[in-house]
Amino acid sequence: METFDPGLGRAYHSFAAGDADDVDAAVDAALRAGRDWGKTRPAARGSILARAAALIRAEAPRLAVIESLDSGKPLAEAEGDVAGAARTFEYYAAAANTLQGDSFPLGHDYLGYSIIEPAGVTAHIIPWNYPLSTAARGIAPALAAGCTVIAKPAEQTPMTALLLAELLHRAGLPAGVCNVVTGTGMEAGAPLVRHPAVRHVSFTGSVQTGVNVMQDAAPSVTRVLLELGGKSPVIILADADIDAAVEGIVGAIFENAGQICSAGSRLVIDRKIHGEVVSRLVERAQSLTIGHGLRRPQFGPLNSVEQLSRVAAHVEGARTRGLSLLTGGRPIVDPQTGKGWFFEPTIIDAAPADDPVVQQEIFGPVLVVQPFDTDEEALALANGTEYGLVAGVYTRDFSAAHRLARDIDAGQVFINEYFAGGIEVPFGGNKRSGFGREKGLAALEAYSRVKSVAARIGG
Ligand code: NAI
Ligand code: MG
């Protein structure tokens with residue numbers, strides 16, 4: 001198969017189109033390697049992960065260029081993703097030997113305790129928007145917990161998962177513990193999810209494919225962790241630090257050209273400051289430098305021609321329904337080459353709460369503005385979609401911030417800095433955004449099983 005450079009809109013490299021036979025071979029390898037890997041002392045597993053982190057840092061320039069080329073994202077963002085992947089391996093290297101069980105108070109004549117076991121062979125279905133970060137986020141805790149791994153990167157962006165596996169091998173990970181099968185969702189992803197020896201599937205991607213994955217995993221009663229998109233609100237109260245809020249929103253919706261599951265795609269803003277904030281956002285949107293990712297622009301292309309047409313269709317719908325487009329709204333090309341799959345940074349004002357651009361994930365650089373008059377209305381708007389991944393809140397009022405954090409239906413709330421946090425903070429969604437938590441110590445639990453032992457030992 002071919003993988004494309006979205007900044008030029010042309011194929012630049014080929015890779016293997018894996019199928020069910022490759023999946024079978026990978027699962028066999030994982031089963032064989034898992035017998036020893038699961039018994040390895042957690043601290044020893046941690047040492048290998050620490051060496052992998054160091055190798056990721058050593059290879060960072062190469063990884064970042066390849067990630068930028070394969071996905072289209074600006075090089076500076078790819079560098080951030082690579083640093084984040086190294087940090088993920090460091091975190092789980094240190095956490096590997098913190099997994100510990102309990103003892104249970106059954107009384108004098110009994111002994112009760114738990115054993116934490118690896119979940120077994122784990123599958124990781126990875127999307128194209130954060131190829132290396134998402135791979136690292138699943139693979140590092142799975143390995144730390146003693147699981148074996150089969151990763152299926154997205155067909156649009158297979159390269160860095162392959163490089164990561166190579167680095168893990170160099171770090172001393174035994175053969176067969178981490179496998180990568182490239183290919184399409186249908187040919188490689190579905191057989192992997194359906195394979196009866198796979199005991200856990202981590203899936204990040206669209207809701208529809210997540211539902212398919214859940215159904216495909218059901219016959220083998222394989223557990224799934226689903227991280228599916230969002231329509232995340234950024235609430236700005238009237239007393240907020242406007243500079244910080246504007247900066248936060250620009251990153252929340254224009255980073256990676258808005259192709260972020262946790263993008264802040266809805267601006268829920270107090271009508272008293274709506275005019276000022278929106279005009280500053282329009283100015284920022286129009287001044288972003290646009291170009292091929294490797295030229296270090298502030299704003300890069302969309303990942304594929306399919307994604308470009310999906311985003312364009314969403315915006316066309318808004319235009320047809322008479323919504324107010326404050327800026328952007330059209331596909332464009334790299335001004336220097338006349339090529340690539342770009343879409344203008346776009347802001348749609350005063351969208352009704354039931355409009356499709358408010359309700360549906362666009363997964364592109366399209367900010368939808370929803371003004372409110374009262375705090376109750378802000379909360380209702382924030383919670384008014386089927387998604388519940390993350391939310392942002394900007395205010396100087398401590399109590400108001402934490403009331404909103406309490407009442408918003410989302411897996412994670414950022415206060416006064418969108419995307420605040422790191423690998424330490426559990427991440428995942430509510431409602432149609434999915435279930436299960438990645439990152440943090442929660443991820444180690446996701447890749448483990450608890451065995452309880454209760455013994456009568458006599459008096
Ligand atoms: P997708 O959800 O179909 O693809 C994600 C991954 O799943 C890829 O690796 C793909 O090969 C794999 N896959 C597809 N069908 C599969 C199946 N039946 N069994 C196992 N694996 C399968 O998403 P797609 O088509 O790339 O994008 C469609 C929309 O999904 C986007 O427009 C965007 O709205 C959303 N999306 C959300 C992401 C997120 O981070 N939440 C990431 C990527 C896409
Ligand atoms: Mg590509």
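Here, residue 1 is the first one in the sequence, and each next residue gets the next number. Numbering of ligands and ligand atoms starts at 1, following listing order. Small disclaimer: the values here were computed from a predicted structure and weren't measured.
For G229, a nitrogen or oxygen atom sits less than 3.5 Å from a nitrogen or oxygen atom of ligand 1, counting backbone and side chain alike. Distances between N or O atoms of T204 and those of ligand 1 include no value under 3.5 Å. Annotation: T184 places no N or O atom under 3.5 Å from an N or O atom of ligand 1; distance criterion only. Of the polar atoms of K152, at least one N or O is found under 3.5 Å from an N or O of ligand 1, judged by distance alone. Considering backbone and side-chain N/O atoms, G185 comes within less than 3.5 Å of an N/O atom of ligand 1.
Remark: atom 34 (O) of ligand 1 lies closer than 4.0 Å to at least one protein heavy atom.
Rounded to 10°, the angle that O of D70 and OG1 of T3 form at the Mg ion (ligand 2) is 140°.
Ligand 1 has at least one atom lying under 4.0 Å from a heavy atom of F203.
Using a 4.0 Å cut-off between charged side-chain N and carboxylate O, E283 and R280 make no salt bridge. Using a 4.0 Å cut-off between charged side-chain N and carboxylate O, R87 and E424 make a salt bridge. Salt-bridge formation is not detected for the pair E255/K73: no Lys NZ or Arg NE/NH1/NH2 atom is positioned less than 4.0 Å from an Asp or Glu carboxylate oxygen. Between E90 and R57 there is a salt bridge, with a side-chain nitrogen of the basic residue lying less than 4.0 Å from a carboxylate oxygen of the acidic one. Residues E361 and R432 are not paired through a salt bridge, judged by the lack of any N-O separation under 4.0 Å between the basic side chain and the carboxylate. A salt bridge does not link R199 with E117: none of the charged nitrogens is closer than 4.0 Å to a carboxylate oxygen.
Residue R310 touches ligand 1 through its side chain alone, judged by heavy-atom distances below 4.0 Å. Contact annotation: for D216 versus ligand 1, there are no heavy atoms closer than 4.0 Å.
Separation of atoms CD1 (I125) and CG (L225) is listed at 12.5 Å; rounding is to 0.5 Å.
Scanning the protein heavy atoms around atom 20 (C) of ligand 1, the nearest turns out to be G189 C, 3.3 Å. The protein non-hydrogen atom at the shortest distance from atom 39 (C) of ligand 1 is C261 CB, 3.6 Å. Given atom 38 (C) of ligand 1, the protein heavy atom at minimum distance is F363 CZ, 3.3 Å. The protein atom (non-hydrogen) at minimum distance from atom 26 (O) of ligand 1 is W128 NE1, 2.6 Å. In this structure, atom 9 (O) of ligand 1 lies nearest to the protein heavy atom I126 O, 2.8 Å. The nearest protein atom to atom 30 (O) of ligand 1, hydrogens excluded, is given as S206 CB, 3.0 Å; this is a heavy-atom distance. Annotation: atom 42 (C) of ligand 1 to nearest protein heavy atom, P127 CB, 3.3 Å.
The aromatic rings of W341 and F4 are tilted relative to each other, their planes meeting at an angle between 30° and 60°. Ring pair Y447/H200 is tilted by interplanar angle, where 30° to 60° counts as tilted.
Distances from atom 32 (O) of ligand 1 to the heavy atoms of E361, M186, Q307 put Q307 nearest. Closest heavy-atom approach to atom 14 (C) of ligand 1 within the set L228, V213, T209, N212: this belongs to T209. Counting only non-hydrogen atoms, the option in H314, E155, H124 that gets closest to atom 11 (O) of ligand 1 is E155.
Contact annotation: P158 places no N, O or S atom under 2.8 Å from the Mg ion (ligand 2). The Mg ion (ligand 2) lies at 2.8 Å or more from every N, O or S atom belonging to Y12.
One N or O on the side chain of K431 and one on the backbone of T385 form a donor-acceptor pair closer than 3.5 Å. The backbone N or O of K231 sits less than 3.5 Å from a side-chain atom of R266, completing a donor-acceptor pair. Using a distance-only test at 3.5 Å, with no hydrogens or angles considered, a donor-acceptor pair links the side chain of Q259 to the main chain of N256.
When each atom of ligand 1 is checked for a heavy atom of I125 under 4.0 Å away, the hits are 6 (C), 7 (O), 9 (O), 12 (C), 21 (N).
At least one side-chain heavy atom of T289 sits less than 4.5 Å from a side-chain heavy atom of Q298.
Between P153 and V181, the shortest heavy-atom distance links the atoms CD-O, 3.5 Å.
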